[in-house]
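Only one structure is covered here, and it is reproduced in the block below.
Letters go in sequence order (proteins before strands), and every chain restarts at 1.
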Amino acid sequence: MRIEYFQLVDRIIDLNLNDLTIRVEANVPATSTIFEGHFPGQPLMPGVLLIESMAQASGWLVIARTRFEKMPFLAGVKKAKLRTFVTPGQALVVSAKLIHEGSGFAVTEAEIAADGKPICDAEITFRVVDFPEGEFLDNMKAVARQISLPAEAMAHG
Amino acid sequence: MSSTFDTVATIIAETCDIPRDTIAPESHAIDDLGIDSLDFLDIAFAIDKAFGIKLPLEQWTQEVNDGKATTEQYFVLKNLCARIDDLIAAKAR
């Protein structure tokens with residue numbers, strides 16, 4: 001996890017485009033400037049970054065589903081529950097399921113677990129737009145390769 | 001139409017916290033009820049689920065942006081409900 005760069009997904013564990021599900025690894029770093037302020041003497045992974053982690057896992061699922069034709073942007077978070085603290089060094093597994101593909105939007109249910117125990121969950125809404133071309137697409141494809149997005153999801157066009 | 005309207009009006013009331021009795025078939029979702037595009041995503045999600053359809057929001061938006069349609073054609077509730085009925089009928093065929 002490159003937490004300061006908001007690159008929160010380390011590796012895609014599995015992607016199922018029939019069931020429309022994804023599971024990813026997100027390993028919280030042992031040290032980060034973020035933990036110096038959140039909080040001094042008691043470092044905690046910020047809840048908003050847990051939500052962002054669920055959004056990013058969901059986002060890769062939408063990107064894979066559309067094979068880089070569409071880019072999801074976070075639009076809404078509902079029913080978010082942050083059930084327990086996450087501390088530096090913890091290994092998280094983020095899961096998401098695409099529960100609705102609307103016209104120009106998508107909705108997922110996502111959750112995070114650590115050592116099999118639930119950490120948080122939410123229903124997340126995305127605006128889904130045509131994938132921006134150029135540098136944006138190139139960078140996203142580079143990240144996709146880093147996190148082992150399956151080749152079947154990489155085809156564009 | 002009337003049962004479609006009742007369902008849609010209930011969805012709008014619950015999603016946007018708008019009093020149900022202020023929502024009429026002649027209401028314009030944007031101009032009269034003040035529903036913004038983000039709230040309309042939630043409404044579309046609920047309508048899609050309730051009726052088992054997919055509102056073609058992208059197509060409608062494009063048509064309005066291109067000047068080929070007016071917002072009234074899609075966002076006055078009686079017109080919206082007529083289009084929902086058409087989508088339900090098309091799905092049944």
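- The environment of CD in A/Q42 is sparse: at most 12 heavy-atom neighbours from other residues, nucleotides or ligands sit within 6.0 Å.
- For B/T61, no part lies near chain A; criterion is any non-hydrogen pair under 4.5 Å.
- Separation of atoms CG (B/L41) and CZ (A/F126) is listed at 12.5 Å; rounding is to 0.5 Å.
- More than 12 heavy atoms of other residues, nucleotides or ligands sit less than 6.0 Å from atom CG of A/N139.
- Only the backbone of B/L55 comes within less than 4.5 Å of a heavy atom of chain A; no side-chain atom from C-beta onward does.
- The number of heavy atoms from other shown groups lying within 6.0 Å of CD (A/E4) is above 12.
- More than 12 heavy atoms of other shown residues, nucleotides or ligands fall within 6.0 angstrom of atom CG in B/D36.
- The environment of CZ in A/F85 is sparse: at most 12 heavy-atom neighbours from other residues, nucleotides or ligands sit within 6.0 Å.
- Using the six-membered ring where Trp is involved, B/F45 and A/H100 have ring planes that are tilted, between 30° and 60° apart.
- Taking each heavy atom of A/V128 and B/E58 in turn, the nearest pair found is O-OE2, 3.9 Å.
- Between A/S103 and B/P56, the shortest heavy-atom distance links the atoms OG-C, 3.5 Å.
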